[in-house]
Amino acid sequence: LLALLCGSFFVLEPQISYGQSDTASFRVRQTITDQTSFLVDPTNVTMPGGGISGLTGGTATGTTQFVVRSNNASGYYVEINYFDNAGAYAMRGDEDGGAQIRDYALGAGTPTFNLTASTAAQFAYSVHSSTTADTAAAFKYTGSTCNSGSTNTAGKCWKSPLTTAVQVVNRSSAATNGATTTLYFKVHVPSGANPTPTAQTYTATATLSVFVQ
């Protein structure tokens with residue numbers, strides 16, 4: 001009997017087992033937003049030299065810089081847009097709205113290598129970035145041909161101001177510490193310009209806009 005009871009105990013006793021291990025995974029996510037903006041805005045440009053004679057002529061060049069900072073891995077582009085006067089004269093007289101300084105005649109499309117003089121007074125601009133690759137393709141050159149190659153020397157490819165947007169910078173990577181570009185503006189008045197610029201200050205106004213790629 002004792003043996004039978006002992007046997008029953010071993011049969012009926014709950015079996016003790018050790019649980020198998022288990023795992024669960026999860027993710028923690030945080031989105032970092034893009035920030036692309038002007039770190040340094042361009043400043044107003046006053047041409048040096050105290051003025052150009054309206055009769056005997058001359059040339060003046062002024063510059064302004066801007067700096068863009070961006071954490072966008074694909075980069076950004078900058079447009080100069082909407083010189084505020086329609087037609088062929090972005091630069092107008094402050095006193096009477098006179099339009100004797102016309103937009104650069106040969107640079108309405110592809111910029112030209114060096115500025116070609118005309119019988120009229122002309123206004124043009126050029127672009128140079130501290131990182132050459134950042135400069136928009138139209139302002140790079142090979143030999144003496146703009147919108148070609150990869151060279152970007154200051155003040156070589158000159159373009160006419162337009163009322164529509166023109167790309168001046170095209171960067172394909174982030175610029176977390178900021179990237180600098182210089183805009184060059186030139187007014188050339190030939191001797192005996194036709195029409196003769198009247199004696200006053202002339203002003204053009206432009207806008208820069210930056211966009212992510």
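Starting from 1, each residue takes its place in the sequence as its number. These numbers come from a predicted model, not from an experiment.
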Restricting to non-hydrogen atoms, name the atom on [X] and the atom on [Y] that form the minimum distance, rounded to 0.1 Å.
| X | Y | answer |
| --- | --- | --- |
| A138 | P111 | O-CG, 3.4 Å |
| A120 | R102 | CB-NE, 3.8 Å |
| A174 | S70 | CB-O, 3.5 Å |
| Q200 | E95 | OE1-N, 3.0 Å |
| Q213 | N72 | N-ND2, 3.7 Å |
| T61 | M47 | C-SD, 3.6 Å |

Taking the side chain as every heavy atom from C-beta outward, state whether [X] and [Y] have any pair of such atoms under 4.5 Å apart.
| X | Y | answer |
| --- | --- | --- |
| T116 | W158 | no |
| V169 | Y76 | yes |
| T196 | Q100 | no |

Would you kindly confirm whether [X] and [Y] end up in one hydrophobic cluster when ILVMFWY residues are joined by side chain heavy atoms under 4.5 Å apart?
| X | Y | result |
| --- | --- | --- |
| V166 | F83 | yes |
| F113 | L183 | no |
| I52 | Y184 | no |
| F66 | V127 | yes |
| V45 | Y89 | no |

When you measure from the side chain of [X] to the backbone of [Y], do you find a donor-acceptor pair of N or O atoms at a distance under 3.5 Å?
| X | Y | result |
| --- | --- | --- |
| K156 | C146 | no |
| N152 | F139 | yes |
| D134 | R171 | no |
| K159 | S126 | no |
| S53 | T56 | yes |
| Q122 | A105 | yes |

Exercise for review: Please indicate whether D96 has more than 12 foreign heavy atoms, meaning atoms of other residues, nucleotides or ligands, lying under 6.0 Å from its CG.
Suggested key: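 Counting other residues, nucleotides and ligands, CG of D96 exceeds 12 neighbours.
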Review point. More than 12 foreign heavy atoms under 6.0 Å from CG of N44: is that the case here?
Key: no
Separation between [atom1] of [X] and [atom2] of [Y], rounded to the nearest 0.5 Å:
| X | Y | atom1 | atom2 | answer |
| --- | --- | --- | --- | --- |
| T153 | K140 | OG1 | NZ | 12.0 Å |
| E79 | N170 | CD | CG | 10.0 Å |
| L106 | L115 | CG | CG | 8.0 Å |
| T142 | N147 | OG1 | CG | 10.0 Å |
| T203 | D94 | OG1 | CG | 3.5 Å |

Just by distance, with hydrogens left out, do [X] and [Y] show a side-chain donor and acceptor under 3.5 Å apart?
| X | Y | value |
| --- | --- | --- |
| Y104 | S118 | no |
| T119 | N194 | no |
| D34 | T36 | yes |

Point to revise | Parallel, tilted or perpendicular: rings of F123 and F185 (30°, 60°) | key: parallel
Point to revise | Single hit among T135, N81, V78 for side chain to side chain contact (heavy atoms under 4.5 Å, CB included) with V168 | key: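 Testing V168 for a side chain to side chain contact (heavy atoms under 4.5 Å, CB included) against T135, N81, V78 leaves exactly one candidate, V78.
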Review point. With sequence neighbours excluded, what pairs up with T181 under the side chain to side chain donor-acceptor pair (under 3.5 Å) test?
Key: S129
Check your understanding: Hey, which of T43, T180, T182, D41 is the one that makes side chain to side chain donor-acceptor pair (under 3.5 Å) with Q65?
Key -> T182
